[in-house]
Amino acid sequence: MRLSRLFLPILKETPKEAEIASHRLMLRAGMMRQEAAGIYALLPLGLRVLNKITAIVREEQNRAGGNELLMPTIQSAELWRESGRYDDYGKEMLRIKDRHEREMLYGPTNEEMITEIFRAYVRSYKDLPLNLYHIQWKFRDEVRPRFGLMRGREFLMKDAYSFDIDAAAARHSYNRMFVAYLRTFARMGLKSIPMVADTGPIGGDLSHEFIILAPTGESEVFCHSDYLTYEVPDENVNFEDATGLQTIVDKWTSLYAATSEMHDSAKFEALPEPVRMSARGIEVGHIFYFGTKYSEPMRAEVTGPDGTPHAVHMGSYGIGPTRLIGALIEAFHDDAGIKWPEAVAPFRVTILNLKQGGADTDAACEKLYRDLSGKGIDVLYDDTDNRPGAKFATADLIGIPWQILVGPKGLADGKVELKRRSDGSRELLSPEDVVARLTL
RNA sequence: CGGGGUGUAGCGCAGUCCGGUAGCGCAUCUGCUUUGGGAGCAGAGGGUCGCAGGUUCGAAUCCUGCCGCCCCGACCA
């Protein structure tokens, strides 16, 4: 993509409504535009990041055994009356009426609908375990939306639902998601720590929040510092091996870790002082096991080996991809702008032509652009006629992991400069070596 | 939902107290020069002053009502 043709409305000055880094930087980097309180349009750069995030989420859900489908955003009130949540959910649920005065709602979550789909088709324990998920927009009418995408009212959510014949099998399903979540966040460059969580209005008795550490995080968290050194299972982890998964989950839940709401200061103080870590965190995922809370009232049953009906044991598992955009920026930025991890960067590399219109620089940039694009690399070529300083500022702001600086000085020696955004390190290389380096 | 702010050009702001027909910086457009850390000079365009009433010869400014948005708290993927 050529920058001259990319719709990238960057701002030099910070819009006054933005207080925290991610909100400020998303607006400045032209990633999104606010349309109403807690409601945002994603611009091309923001959408690119979101798509990278959802691709990783999807891969890991599929690897763990999930089946992707897509449920609608609008749901019927009747379904929610059946589960008893229509009245319980309160004002956070956006209720609307269609032209026939039928009561509808914009889904804040999908337990009811997925249960309805499940019971319509699944009859036998032989069809279990089953994990269904989708990635869909949700609406929760937050009293006070804030922090840009981090707490919007309309947000994208990956929500998965598991169905099992009994509690033991459900525990295996829960563990699949637990491990998938560890992997999902790690692939984005994030260190996530599972913490025992309050189950809230969704209900149930087994739940973990996945918290990533960021200095500007919303909540205060307390944990054993050894979690920072734990290895995340690699892609060869066997999700069918219930015992193996349980071992991993046991390890990741054995040490103290709690958000401030669940914090037990006596337990925490009992830890040796050097391993006590208190930090700021952002919740990016939440998993629940809630047994038969929905399957009983909604009669989602299968016939068991004994020939009698069994209400299925369910779990639900959420990740907020739009929130993750903000969380990633909170975790990876400096005064100059965003520092995207490569896995989620909108472009992997950007070429800065420091003398646009110069015969040598233009030719060198065009060749680099062709060569890198030809290798399937997401490359952004800054072919605008801005001065070098402006190009540096833009590249740093939008946070592309690799910058290739092509200027008359270096080209005189046949060299261009490869700069790494994350640590600012630079290296003088021939254009061929740069291509080789980036295609390793 | 309580408390506190705020609304003037795309963005950041001044002007409001003390009424006289709207200004600054950045951005945008044109031209020339410039090209390794947000360029310089010259010129140009762009605003129903959040909305609706009212007071007045005259309202961005005073009065009344409404709306939007932000921040702090209680609540949450």
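The chains referred to below are lettered A, B, ... by the order of the sequence lines, with proteins before strands, and numbering in each begins at 1.
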Restricting to ring-ring contact (aromatic ring centres under 6.0 Å, His included), what partner residues turn up for [X], sequence neighbours left out?
X	answer
A:F163	A:F118
A:F139	A:Y106
A:H263	A:F222, A:Y256, A:F268
A:Y369	A:Y381

Checklist entry - Reading nucleotides 3-9 of chain B 5' to 3', which nucleotides get B (base under 4.0 Å from a protein heavy atom), which S (sugar-phosphate only), which -? => result ---SS--
[X] [atom1] to [N] [atom2]: how many Å, rounded?
X	N	atom1	atom2	answer
A:K355	B:U34	NZ	P	9 Å
A:K91	B:G2	NZ	C1'	14 Å
A:F147	B:C75	CZ	C1'	13 Å

Can you tell me, in whole Å, how much space there is between the [atom1] of [N] and that of [M]?
N	M	atom1	answer
B:C26	B:A42	P	12 Å
B:A59	B:A52	P	14 Å
B:G20	B:U16	C1'	14 Å
B:G2	B:G19	P	35 Å
B:C57	B:G10	C1'	37 Å
B:U6	B:C63	P	15 Å
B:U48	B:G12	C1'	23 Å

Checklist outcome for this item: Note: for A:E142 and A:G410 on RNA chain B, the residue whose nearest nucleotide lies more 5' is A:G410
Checklist entry - Which sits closer to the 5' end of RNA chain B, A:E92 or A:R33, going by the nucleotide each is nearest to? => result A:R33
Give a yes or no on whether a salt bridge exists between [X] and [Y], defined as a side-chain N under 4.0 angstrom from a carboxylate O.
X	Y	answer
A:E427	A:K415	no
A:K293	A:E111	no
A:R421	A:D334	yes
A:E60	A:R63	yes

Where along [range] does a heavy atom fall under 4.0 Å from RNA chain B?
range	value
residues 43-60 of chain A	none
residues 421-436 of chain A	A:R426
residues 388-402 of chain A	A:P388, A:G389, A:A390, A:F392, A:A393, A:T394, A:D396

Look at the side-chain N and O atoms of [X] and state whether any lies under 4.0 Å from the OP1 or OP2 oxygen of [N].
X	N	answer
A:R387	B:U35	no
A:R144	B:C1	no
A:K12	B:G10	no
A:Q34	B:C70	yes

Side chain of [X] only, please: which of [options] is the nearest?
X	options	result
A:P15	B:C1, B:A77, B:G12	B:G12
A:V143	B:G12, B:C75, B:G36	B:C75
A:R146	B:A74, B:A77, B:G36	B:A74

Next on the checklist: Suppose we call a contact any N or O donor and acceptor under 3.5 Å apart; does that hold for the side chain of A:R28 and the base of B:G12?
Outcome noted: no
Checklist entry - Any N or O donor-acceptor pair linking the side chain of A:K419 to the base of B:G37 at under 3.5 Å? => result yes
Can you tell me the pairing partner of [N] across any strand shown, Watson-Crick or G-U wobble, with both distances under 3.5 angstrom?
N	value
B:U28	B:A44
B:G7	B:C67
B:A59	none
B:A39	B:U33
B:G2	B:C72

Checklist entry - Do other residues, nucleotides or ligands put more than 12 heavy atoms under 6.0 Å from the NZ atom of A:K251? => result yes
Checklist entry - Quick one: side chain to side chain donor-acceptor pair (under 3.5 Å) partners of A:R28, sequence neighbours excluded? => result none
Checklist entry - According to the salt bridge (charged side-chain N to carboxylate O under 4.0 Å, His left out) rule, which pairs have a member within residues 344-356 of chain A, sequence neighbours left out? => result A:E342-A:R348
Checklist entry - Is there any ring pair (Phe, Tyr, Trp, His ring centres under 6.0 Å) pair reaching into residues 20-39 of chain A, and which pairs are they, with sequence neighbours excluded? => result none
Item to check | Selection residues 45-56 of chain A - residue pairs positive for side-chain hydrogen bond (donor to acceptor under 3.5 Å, both in side chains), sequence neighbours left out | outcome: A:K52-A:D378
Checklist entry - Can you tell me how far OG of A:S76 sits from CE of A:M104, rounded to the nearest 0.5 angstrom? => result 6.0 Å
Checklist entry - Between A:Y289 and A:Y174, does the ring centre distance come in under 6.0 Å? => result no
Checklist entry - On the ring face of A:Y294, is A:R85 found with NZ or CZ under 6.0 Å from the centre and within 45° of the axis? => result no
